[in-house]
Protein chains: 2
Amino acid sequence: MDMEKEPAAPLGVRERKRRETLRRITDAGMGLFIAKGYEETTLDEIAAKAGISRRTFFYYFKSKDDILLSLQNSMGEMIVEAIRAAPPGQPPLHAIRDAVLRICAPIPADDMIIIDRLMRSSETVQARKQAAYIQHEKAVFAALRERWPEPADETKLRLIAMMAIGAVRLASDTLNREGGRRPYAELLREAFDMLEKGI
Amino acid sequence: MDMEKEPAAPLGVRERKRRETLRRITDAGMGLFIAKGYEETTLDEIAAKAGISRRTFFYYFKSKDDILLSLQNSMGEMIVEAIRAAPPGQPPLHAIRDAVLRICAPIPADDMIIIDRLMRSSETVQARKQAAYIQHEKAVFAALRERWPEPADETKLRLIAMMAIGAVRLASDTLNREGGRRPYAELLREAFDMLEKGI
DNA sequence: TTGAAAATTACACTGAGTGTAATAATATTA
DNA sequence: TAATATTATTACACTCAGTGTAATTTTCAA
């Protein structure tokens with residue numbers, strides 16, 4: 001049993017190319033954004049540098065913004081995933097805390113700071129980033145409710161989701177404000193500690 | 001003393017026309033949005049209906065989105081204003097609660113529901129709306145810190161701002177989900193009560 | 001090998017938003 | 001009141017993001 005998902009799956013030409021192209025687009029985009037600014041970079045330039053046609057770009061991304069937002073969003077999904085798989089018998093806030101720390105801590109601070117700076121340079125990207133936090137909050141709440149289904153606690157879970165994502169926001173804000181002096185993991189732990197004392 | 005700001009200020013032709021034009025644009029926009037949908041309405045149509053040129057529209061609004069977002073943003077400013085003017089000697093959460101209730105409760109539920117539905121029809125507007133909540137949170141925190149300047153409470157105030165805006169979000173979500181069955185004021189009061197019990 | 005599904009492209013189009021420079025309306029000051 | 005400074009409005013031309021469509025190529029599966 002269990003002989004279908006080794007790490008060395010063949011993966012197929014299609015999927016391999018797909019990932020390769022995705023990476024090329026992201027690299028081209030980030031490179032240009034850093035070199036000449038987000039707004040100043042056009043999709044034509046990104047497509048040219050990635051070696052694809054302008055139209056193909058939209059086969060991989062819904063919009064120019066999505067290049068910057070994909071990291072943010074994939075992290076949200078991973079956190080939700082981790083909550084679903086959390087070991088039982090612990091308070092929900094701990095489960096989120098562990099999930100967040102495990103997933104967010106390894107992100108290189110330099111990358112975060114660069115992306116954050118770029119996001120700030122476009123109002124709509126910045127708005128989408130903050131909107132993503134609220135989406136994460138909703139997703140986390142839904143995951144929590146699956147995992148701790150006592151209906152009496154609904155409101156409590158909603159608050160917990162709010163606070164947890166709030167902690168992530170706070171830590172990320174501080175990281176960027178401090179320019180990466182202290183590591184993300186430390187800031188996250190600090191933010192969650194404050195929450196637990198606050199409650 | 002104090003004889004400069006009667007309500008019956010002359011107002012001048014310019015300012016009167018300005019407000020009139022602003023209103024005409026908003027009315028034209030909302031009317032068209034409701035009639036044929038947000039994305040389906042072009043700026044040319046709005047400008048034509050408002051009796052101005054396309055270019056003049058951008059003299060009054062930064063973008064098409066702003067027609068829908070102006071209500072949201074002005075409410076945020078009013079709440080901050082009210083916190084700054086809050087009577088002393090009461091806990092900050094009460095001050096916000098009162099401010100929010102006083103300012104948000106009178107908004108007609110039908111208007112809110114219509115605007116909310118329109119906002120949902122555009123991803124970027126929806127994102128900007130949620131981003132606006134986070135901006136309000138920051139503004140409320142800043143106002144609270146001015147008003148309750150004990151530095152030891154900073155984190156507490158940050159949490160309070162988070163929870164208060166969270167309550168507004170929750171109430172607004174519920175109002176729209178319920179289609180306006182219960183009045184906004186009641187939902188807001190309920191949300192704030194839950195917060196106080198949660199703390 | 002062949003036929004279906006997915007990926008890539010060219011082309012043409014819409015519509016939001018900006019830069020510029022000229023003109024008209026209002027305010028201000030002498 | 002006349003001259004002058006601000007502010008409002010407009011036309012025009014332009015860039016660029018994003019979409020629709022239909023044709024072509026590449027991969028996959030039977």
Side-chain angles (χ1 to χ4, degrees), chain A residues 4 9-26 28-30 32-33 35-70 118-119 121-129, chain B residues 9-26 28-30 32-33 35-70 118-119 121-128:
Chain A
E4 293 271 54
L11 217 353
V13 179
R14 205 167 255 175
E15 187 60 18
R16 214 171 54 242
K17 277 197 177 178
R18 176 173 187 78
R19 294 187 190 184
E20 170 63 14
T21 307
L22 210 58
R23 202 193 47 72
R24 278 217 317 283
I25 296 174
T26 317
M30 291 301 294
L32 288 166
F33 294 162
K36 48 182 293 195
Y38 178 79
E39 310 262 25
E40 290 73 20
T41 301
T42 76
L43 285 180
D44 287 289
E45 293 170 314
I46 296 171
K49 190 168 179 189
I52 57 171
S53 77
R54 214 176 84 81
R55 199 67 185 76
T56 299
F57 171 86
F58 288 104
Y59 190 78
Y60 283 87
F61 288 91
K62 261 189 66 191
S63 72
K64 186 178 159 188
D65 301 354
D66 284 25
I67 299 177
L68 285 176
L69 292 165
S70 54
L118 287 173
M119 283 176 152
S121 72
S122 155
E123 235 189 282
T124 73
V125 175
Q126 182 67 10
R128 282 189 126 105
K129 178 204 172 135
Chain B
L11 220 339
V13 180
R14 203 165 256 175
E15 186 62 17
R16 213 171 55 242
K17 276 196 177 176
R18 175 172 188 79
R19 296 188 190 184
E20 169 63 15
T21 307
L22 210 59
R23 200 193 48 69
R24 277 215 318 282
I25 296 174
T26 317
M30 291 301 293
L32 288 166
F33 294 161
K36 49 182 294 195
Y38 178 78
E39 311 261 23
E40 291 72 22
T41 302
T42 76
L43 285 179
D44 287 290
E45 293 171 313
I46 297 172
K49 191 167 177 189
I52 57 171
S53 77
R54 212 176 84 82
R55 199 66 184 77
T56 299
F57 171 86
F58 289 104
Y59 191 78
Y60 284 86
F61 288 91
K62 262 189 65 190
S63 73
K64 188 178 159 190
D65 301 353
D66 285 26
I67 299 176
L68 285 176
L69 292 165
S70 54
L118 287 173
M119 283 177 152
S121 71
S122 155
E123 233 187 285
T124 73
V125 175
Q126 182 67 9
R128 281 188 126 105

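Quick note on labels: first sequence line is chain A, next is B, and so on, each numbered from 1.
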Task: Contact residues, residues 43-51 of chain B to DNA chain D [heavy atom, < 4.0 Å] - done: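 Those residues: none at all.
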Task: Exercise: identify the closest heavy-atom pair between Thr26(B) and Leu22(B) - done: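 Here Thr26(B) and Leu22(B) meet closest at OG1-O, 2.7 Å.
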Task: Closest approach of Ser63(B) to Phe58(B) (non-hydrogen atoms, all atoms of both residues) - done: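 Closest approach of Ser63(B) to Phe58(B): CA-CE2, 4.4 Å.
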Open item on the list: Can you list, in residue-number order, the parts of residues 56-67 of chain A that come under 4.0 Å of DNA chain C, counting heavy atoms only?
Closed with: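 Output list: Thr56(A), Tyr59(A), Tyr60(A).
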Task: Verdict with supporting geometry, Tyr60(B) and Asp66(B), side-chain contact (heavy atoms from CB on, under 4.5 Å) - done: CA-CA 10 Å; Tyr60(B) 284 86; Asp66(B) 285 26; over 6 Å; no
Task: Intermediate values then yes/no, side-chain contact (heavy atoms from CB on, under 4.5 Å), Arg54(B) and Ile46(B) - done: CA-CA 8 Å; Arg54(B) 212 176 84 82; Ile46(B) 297 172; over 6 Å; no
Open item on the list: Heavy-atom nearest nucleotide on DNA chain C for Glu40(B) versus Lys17(A): which residue maps closer to 5'?
Closed with: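 Per heavy-atom nearest nucleotide, the more 5' residue is Lys17(A).
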Task: Euclidean distance, atom CD of residue Glu39(A) to atom P of dG19(C) [Å, nearest integer] - done: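 For the pair Glu39(A) CD and dG19(C) P, the rounded distance is 11 Å.
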Task: Length of the CD-C1' vector between Glu20(B) and dA25(C), whole Å - done: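 Rounded to the whole Å, the gap is 16 Å.
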Task: Thr124(B) side, atom OG1; Asp65(B) side, atom CG - distance, nearest 0.5 Å - done: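 It is 4.0 Å, given to the nearest 0.5 Å.
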TODO: Identify whether the distance between the nearest side-chain nitrogen and carboxylate oxygen of Glu20(A) and Arg23(A) falls below 4.0 Å.
DONE: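 Counted as a salt bridge, because a side-chain N and a carboxylate O are separated by less than 4.0 Å.
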Open item on the list: Whether the side chain of Arg54(B) and the base of dG15(C) hold a donor-acceptor pair under 3.5 Å is what I'd like checked.
Closed with: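 By the distance-only test, no, there is no pair.
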TODO: Could you check Arg14(B) against Ser53(B) and say which one's nearest nucleotide on DNA chain D is further toward the 5' end?
DONE: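 The answer here is Arg14(B).
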TODO: Consider the side chain of Thr42(B), meaning its heavy atoms from C-beta on, and name the nucleotide among dG15(C), dC16(D), dT8(C) that approaches it most closely.
DONE: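 Selected nucleotide: dG15(C).
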- [ ] Select one nucleotide: of dT10(D), dT26(C), dT9(D), the one nearest the side-chain heavy atoms of Arg55(B).
- [x]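 Side chain of Arg55(B) sits closest to dT10(D).
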For residues [X] and [Y], determine if any side-chain heavy atom of one lies less than 4.5 Å from a side-chain heavy atom of the other.
X         : Y        : value
Lys36(A)  : Glu45(A) : yes
Lys49(A)  : Ile25(A) : no
Val125(A) : Lys64(A) : no

Open item on the list: Classify Thr124(B) by what it touches in the nucleic acid, base, sugar-phosphate, or nothing, heavy-atom distance under 4.0 Å.
Closed with: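 Thr124(B): no heavy atom of the nucleic acid under 4.0 Å.
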